[in-house]
**Q** 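Structure below; questions to follow.
In the text below, chain A, chain B and the rest are named by the order of the sequence lines, each starting its count at 1.
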Amino acid sequence: AQKVTQAQTEISVVEKEDVTLDCVYETRDTTYYLFWYKQPPSGELVFLIRRNSFDEQNEISGRYSWNFQKSTSSFNFTITASQVVDSAVYFCALRGQGGSEKLVFGKGTKLTVNP
Amino acid sequence: KAGVTQTPRYLIKTRGQQVTLSCSPISGHRSVSWYQQTPGQGLQFLFEYFSETQRNKGNFPGRFSGRQFSNSRSEMNVSTLELGDSALYLCASSLGDRGGYNEQFFGPGTRLTVL
């Protein structure tokens with residue numbers, strides 16, 4: 001069975017603080033894919049990044065960075081110098097091998113950035 | 001390129017009725033997946049259709065069904081509605097042909113309320 005755990009239910013920070021969202025996953029598949037999505041108050045899920053299980057290279061994109069570690073089954077997401085517009089619910093998701101597009105989502109972390 | 005569209009955006013039904021939700025994927029995308037989002041259970045996978053065939057199915061009762069047309073548009077149907085079916089129903093589309101590496105693009109969702 002596949003499982004994604006986001007232990008942080010809610011995080012509140014002040015603008016310009018850095019914030020890291022944690023994600024731990026479980027899967028028996030040797031090939032799998034990890035995703036982060038953002039859901040602003042409007043409700044539409046917005047794709048942020050994907051990683052496959054063979055690509056442990058971490059990446060920085062603007063104010064966003066990701067830390068993928070297979071040894072600890074973690075795929076954490078960091079926002080540097082947070083802004084009010086970053087306020088949203090962030091979901092980590094896992095897709096296993098097998099050809100289907102099915103995503104298994106974590107429960108989400110609600111991030112509130114206060115001015 | 002137009003995004004994923006879902007109709008209707010809001011729906012109010014009473015227990016025992018049935019409902020049909022519609023999803024138009026991004027042009028060129030052949031995979032359409034449906035998810036149910038509730039405060040208690042989070043985001044849960046309902047089913048995926050690829051080239052008019054159901055490719056995967058989540059753990060939902062038979063009251064939930066779907067189909068996909070030759071133009072990739074998809075519908076999902078819920079019969080004999082229950083109060084617990086109140087949720088945001090999200091549709092996602094993707095190319096569906098890269099062995100799991102595709103990102104899914106989500107529509108704005110249909111908010112279903114069952115009274």
Side-chain angles (χ1 to χ4, degrees), chain A residues 1-10 23 25 27-55 59 61 64 66 68 75 88-110, chain B residues 3-6 9-10 23 25-26 29-51 53-60 66 68 72 74 87-112:
Chain A
Q2 297 173 336
K3 185 178 179 181
V4 176
T5 301
Q6 294 180 255
Q8 305 150 309
T9 305
E10 292 193 43
C23 172
Y25 62 91
T27 180
R28 294 182 178 179
D29 291 343
T30 53
T31 300
Y32 53 89
Y33 306 87
L34 296 163
F35 300 79
W36 275 97
Y37 281 85
K38 170 183 177 180
Q39 187 176 42
S42 61
E44 188 168 333
L45 281 164
V46 177
F47 165 77
L48 294 176
I49 191 173
R50 68 173 162 227
R51 271 292 176 267
N52 69 48
S53 52
F54 300 114
D55 180 9
E59 180 177 328
S61 176
Y64 299 160
W66 293 267
F68 174 33
F75 185 45
V89 181
Y90 290 81
F91 291 94
C92 180
L94 168 69
R95 175 184 293 148
Q97 61 193 38
S100 168
E101 302 287 84
K102 172 187 174 181
L103 288 171
V104 174
F105 285 89
K107 293 292 189 183
T109 298
K110 182 179 181 181
Chain B
V4 179
T5 58
Q6 293 187 246
R9 294 292 312 277
Y10 302 91
C23 172
I26 292 172
H29 284 189
R30 292 191 292 162
S31 169
V32 173
S33 298
W34 289 88
Y35 295 85
Q36 181 196 64
Q37 185 176 25
T38 60
Q41 299 300 316
L43 277 156
Q44 293 186 288
F45 172 78
L46 280 157
F47 29 65
E48 180 208 356
Y49 286 87
F50 178 73
S51 293
T53 301
Q54 188 180 82
R55 187 156 69 174
N56 202 346
K57 188 177 188 305
N59 189 24
F60 278 82
Q68 186 180 34
S72 292
S74 177
L88 179 66
Y89 290 88
L90 292 163
C91 167
S93 81
S94 67
L95 291 169
D97 59 356
R98 292 169 63 191
Y101 195 63
N102 305 292
E103 65 266 40
Q104 287 187 318
F105 295 89
F106 284 78
T110 294
R111 174 74 64 184
L112 172 64

**Q** Measure distances from A/Gln39 to the heavy atoms of chain B and classify the residue's part below 4.5 Å as side chain, backbone, both or neither.
**A**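 Contact with chain B is through the side chain of A/Gln39 alone.
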
**Q** Would you mind reporting whether A/Phe68 and A/Asp55 have side-chain heavy atoms less than 4.5 Å apart?
**A**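 No, their side chains stay 4.5 Å or more apart.
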
**Q** Can a cation-pi geometry be assigned to B/Arg55 and B/Phe50, taking NZ or CZ under 6.0 Å from the six-membered ring centre and within 45° of the ring axis?
**A**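 Yes, a cation-pi geometry.
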
**Q** Hey, which of B/Gly109, B/Gly58, B/Gly107 has the most heavy atom pairs under 4.5 Å with chain A?
**A**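 Max contact count across the listed options: B/Gly107.
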
**Q** What part of A/Lys107 is in contact with chain B, defined as an atom under 4.5 angstrom from a non-hydrogen atom: side chain, backbone, both or neither?
**A**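 Just the side chain, heavy atoms under 4.5 Å.
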
**Q** So for B/Gln37, is it side chain, backbone, both, or neither that comes closer than 4.5 Å to the heavy atoms of chain A?
**A**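 Only the side chain of B/Gln37 comes within 4.5 Å of chain A.
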
**Q** Heavy-atom distances under 4.5 Å only: say whether B/Glu48 touches chain A with side chain, backbone, both or neither.
**A**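 Contact with chain A is through the side chain of B/Glu48 alone.
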
**Q** Checking heavy atoms, do the side chain of B/Phe47, its backbone, both or neither come under 4.5 Å from chain A?
**A**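 Nothing of B/Phe47, per the 4.5 Å heavy-atom cut-off to chain A.
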
**Q** For A/Glu101 and B/Ser93, indicate whether the former's side chain and the latter's backbone hold a donor-acceptor pair under 3.5 Å.
**A**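 Such a contact is absent between A/Glu101 side chain and B/Ser93 backbone.
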
**Q** Is B/Leu90 close to chain A through its backbone or its side chain, or both, or neither, when contacts mean heavy atoms under 4.5 Å?
**A**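 Contact with chain A is through the side chain of B/Leu90 alone.
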
**Q** Kindly assign one of parallel, tilted or perpendicular to the pair A/Phe35 and A/Tyr33, based on the angle between their ring planes and the thresholds 30° and 60°.
**A**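 A/Phe35 and A/Tyr33: tilted rings.
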
**Q** Any salt bridge linking A/Arg50 with B/Glu103? Criterion: basic side-chain nitrogen under 4.0 Å from a carboxylate oxygen.
**A**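 Result for this pair is yes, salt bridge flagged.
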
**Q** Is there a side chain to side chain donor-acceptor pair (under 3.5 Å) between B/Asn59 and B/Gln44 once you walk through the steps?
**A** CA-CA 9 Å; B/Asn59 189 24; B/Gln44 293 186 288; over 6 Å; no

**Q** In terms of heavy-atom proximity below 4.5 Å to chain B, should A/Tyr32 be classed as side chain, backbone, both, or neither?
**A**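 Neither part.
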
